[in-house]
Amino acid sequence: MAVNVKSDTVALSMAKGYYFHHAAKYKVVKKYMKGSWVMTRFDGSSCDKDDIVLKISYEIKMPIKFGTIDSLKIYQSSHQRRWSGDKPRLDANEDSEYVYITETGYAYHKDIKCSHLDLSIHLISKENINSARNLSGGKYYRCSHCVKKDVPYYYIADYGTNYHSSILCSGLKRSVERIKLKDVKGKSPCKHCV
Ligand SMILES: [Zn+2]
Ligand SMILES: [Zn+2]
């Protein structure tokens, strides 16, 4: 039986997604942010097996100009304990026969932190959705589960085939499966971590 785990990169993408999801609801945020509100930066954000640290920086327009100062840089940081599941940790011996795979990946991985196991989720504007191609070279199609009306930005995954309006859509494949090495079928060992 396989246990679903989420890689650090994926958890961090999701945290960013939640931020955009919530920020989008507040008109005032969009009104006063300098440039586009999706230009929010996440420099220094990190995620490990226990914690997610989201560092957010953006500029706001000043309602009144003070000399040459017309905007303020805002830094916010949030630190959250990451839910790491209720599965007991396996001892090292047992661990060694397990590998990590993704549904669409060509390789299996020994190291869950391997960068080639990255299933990144990106935000893309609706103007760019038609020209965007996934890492297999295919187009993104409208997800019938979550896209009910036009929105300015959509979520796409590197190897996904659909664009989504909700980061929580089950169609956004982001699960990494942990399976026994002997159960791996049709995948080759990752050159970087196996
Ligand atoms: Zn790997
Ligand atoms: Zn969807």
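Everything numeric in this text was worked out from a predicted model, so none of it was measured. We use all heavy atoms of the structure for the numbers below, so side chains are in, but hydrogens, waters and symmetry mates are not. Whatever order the structure lists ligands and atoms in, that order sets their numbers, starting from 1.
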| Taking only residues two or more places apart in sequence or in another chain, which ones pass side chain to side chain donor-acceptor pair (under 3.5 Å) with Asn134? |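 Scan of Asn134 (side chain to side chain donor-acceptor pair (under 3.5 Å), adjacent residues dropped) gives none.
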Any donor and acceptor pair, going by atom type alone, linking the side chain of [X] with main-chain N or O of [Y] inside 3.5 Å?
| X | Y | result |
| --- | --- | --- |
| Asn162 | Tyr141 | yes |
| Lys148 | His145 | yes |
| Ser188 | Ala107 | no |

| said: Below 2.8 Å, which protein N, O or S atoms neighbour the Zn ion (ligand 2), ignoring water? | reply: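 Those protein N, O or S atoms (cut-off: under 2.8 Å from the Zn ion (ligand 2)) are Cys143 SG, Cys146 SG, His164 ND1, Cys169 SG.
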| query | Say you draw a straight line from CD1 of Ile179 to NZ of Lys185; how long is it, rounded to the nearest 0.5 Å? | reply |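 Spacing of CD1 (Ile179) from NZ (Lys185) equals 7.5 Å.
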| message | To check you understand the geometry: which heavy-atom pair defines the closest contact between Val194 and His109, and what is its length? | response |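 Between these two residues, the closest heavy atoms are CG2-CA, 4.1 Å.
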| query | Are the side chains of Tyr140 and Thr161 in touch, meaning some heavy atoms are under 4.5 Å apart? | reply |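 Not touching, per the 4.5 Å side-chain cut-off.
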| said: Any heavy-atom pair between the side chains of Pro152 and Ser125 that's under 4.5 Å? | reply: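 They are not in side-chain contact.
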| Residue and atom, protein N/O/S, under 2.8 Å of the Zn ion (ligand 1) |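 The answer is His109 ND1, Cys114 SG, Cys190 SG, Cys193 SG.
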| task | Can you tell me which residue pairs pass the salt bridge (charged side-chain N to carboxylate O under 4.0 Å, His left out) test with a partner in residues 125-139, sequence neighbours excluded? | result |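 Found none.
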